[in-house]
Amino acid sequence: QVQLVESGGGLVQAGGSLRLSCAVSGRTLSRYVMGWFRQAPGKEREFVAAITWSDGSTAYADSVKGRFTISRDNAKNTVYLQMNSLKPEDTAVYYCAADLRSQIATRFRAYDYWGRGTQVTVSS
């Protein structure tokens, strides 16, 4: 089993920054992929970013490239999503997820474990 707990969401003005954290516990994740997804009201859950736990390879959605950065701290078993230059369209519930395979996937159905999510609201 893997437990994921997100934190760091909140309300921020457009152009501001937030850093989300995902604390991971349970099974060893040295070969897994960690991802961030988001879901706005009335929309499907969409891929934001992912990172391989082993070598730190990353992938990003086009909509967040250059603004968001995913990283991990192996010693703390924590994954981060640094979000800069936030826009109102970034408003959503952000979810952390773990994929037990070793290659990055962008489909949410590929991920095996999910956190409960943290709300990010960007005001204009």
Side-chain angles (χ1 to χ4, degrees):
Q1 278 293 81
V2 174
Q3 291 81 42
L4 308 175
V5 179
E6 304 96 335
S7 61
L11 173 64
V12 64
Q13 288 188 333
S17 299
L18 283 174
R19 188 177 80 157
L20 305 183
S21 299
C22 174
V24 184
S25 60
R27 294 174 60 175
T28 301
L29 300 177
S30 60
R31 295 178 296 172
Y32 301 160
V33 171
M34 299 299 301
W36 285 97
F37 288 76
R38 66 186 182 186
Q39 189 166 18
K43 295 188 176 181
E44 286 194 351
R45 193 166 298 191
E46 65 173 357
F47 172 77
V48 175
I51 188 168
T52 58
W53 204 271
S54 56
D55 64 5
S57 298
T58 59
Y60 295 91
D62 288 343
S63 58
V64 306
K65 278 181 183 176
R67 300 189 298 122
F68 291 11
T69 302
I70 188 171
S71 62
R72 86 265 193 253
D73 185 327
N74 290 6
K76 294 183 178 180
N77 278 351
T78 301
V79 177
Y80 303 98
L81 185 67
Q82 178 66 44
M83 305 186 295
N84 299 328
S85 302
L86 283 161
K87 305 174 181 180
E89 50 264 44
D90 294 319
T91 295
V93 177
Y94 283 71
Y95 297 91
C96 177
D99 181 354
L100 302 185
R101 289 167 287 271
S102 58
Q103 292 185 322
I104 290 177
T106 59
R107 299 173 296 109
F108 75 86
R109 296 185 192 280
Y111 287 74
D112 303 284
Y113 296 97
W114 292 85
R116 293 187 175 184
T118 185
Q119 176 70 46
V120 171
T121 303
V122 184
S123 63
S124 57

Rounded to the nearest 0.5 Å, what separation is found between the [atom1] atom of [X] and the [atom2] atom of [Y]?
X	Y	atom1	atom2	result
Leu100	Asp112	CG	CG	3.5 Å
Lys87	Ser124	NZ	OG	14.0 Å
Leu4	Thr78	CG	OG1	11.0 Å
Arg45	Arg38	CZ	CZ	13.0 Å
Gln1	Ser25	CD	OG	10.0 Å
Trp114	Phe108	CH2	CZ	7.0 Å

What is the minimum heavy-atom distance between [X] and [Y], and which atoms define it?
X	Y	value
Val33	Ala50	CG1-CB, 4.1 Å
Arg72	Ser54	NH2-O, 3.4 Å
Thr58	Ile104	C-CD1, 3.9 Å
Ser85	Arg67	O-NH1, 3.0 Å
Phe47	Ala61	O-CB, 3.4 Å
Ala40	Ala92	N-CB, 3.8 Å

4.5 Å side-chain heavy-atom contact, [X] and [Y]:
X	Y	result
Val24	Cys22	yes
Gln119	Thr91	yes
Ser102	Tyr32	no
Val79	Trp53	yes
Ser21	Lys76	no
Met83	Val64	no

Query raised in the report: With distance as the sole test, does Glu6 use its side chain to make a donor-acceptor pair with the main-chain N or O of Thr118 at under 3.5 Å?
Result: no
Query raised in the report: Ser57 side chain to Thr52 main-chain N or O, any donor-acceptor pair under 3.5 Å?
Result: no
Query raised in the report: Any chance CD of Glu89 has more than 12 other-residue heavy atoms, nucleotides or ligands included, within less than 6.0 Å?
Result: yes
Report task. Name the orientation class of the two ring planes belonging to Phe68 and Tyr94 (parallel below 30°, tilted from 30 to 60°, perpendicular beyond 60°). Result -> tilted
**Report entry** Asp62/Lys65 ion pair, N-O < 4.0 Å
**Finding:** yes
Report task. Tell me, please, whether Tyr80 has Arg19 positioned over its six-membered ring: NZ or CZ under 6.0 Å from the ring centre and within 45 degrees of its axis? Result -> yes
Requested in this report: Walk me through it: do Tyr111 and Tyr95 pass the test ring pair (Phe, Tyr, Trp, His ring centres under 6.0 Å)?
Outcome: CA-CA 11 Å; Tyr111 287 74; Tyr95 297 91; over 10 Å; no
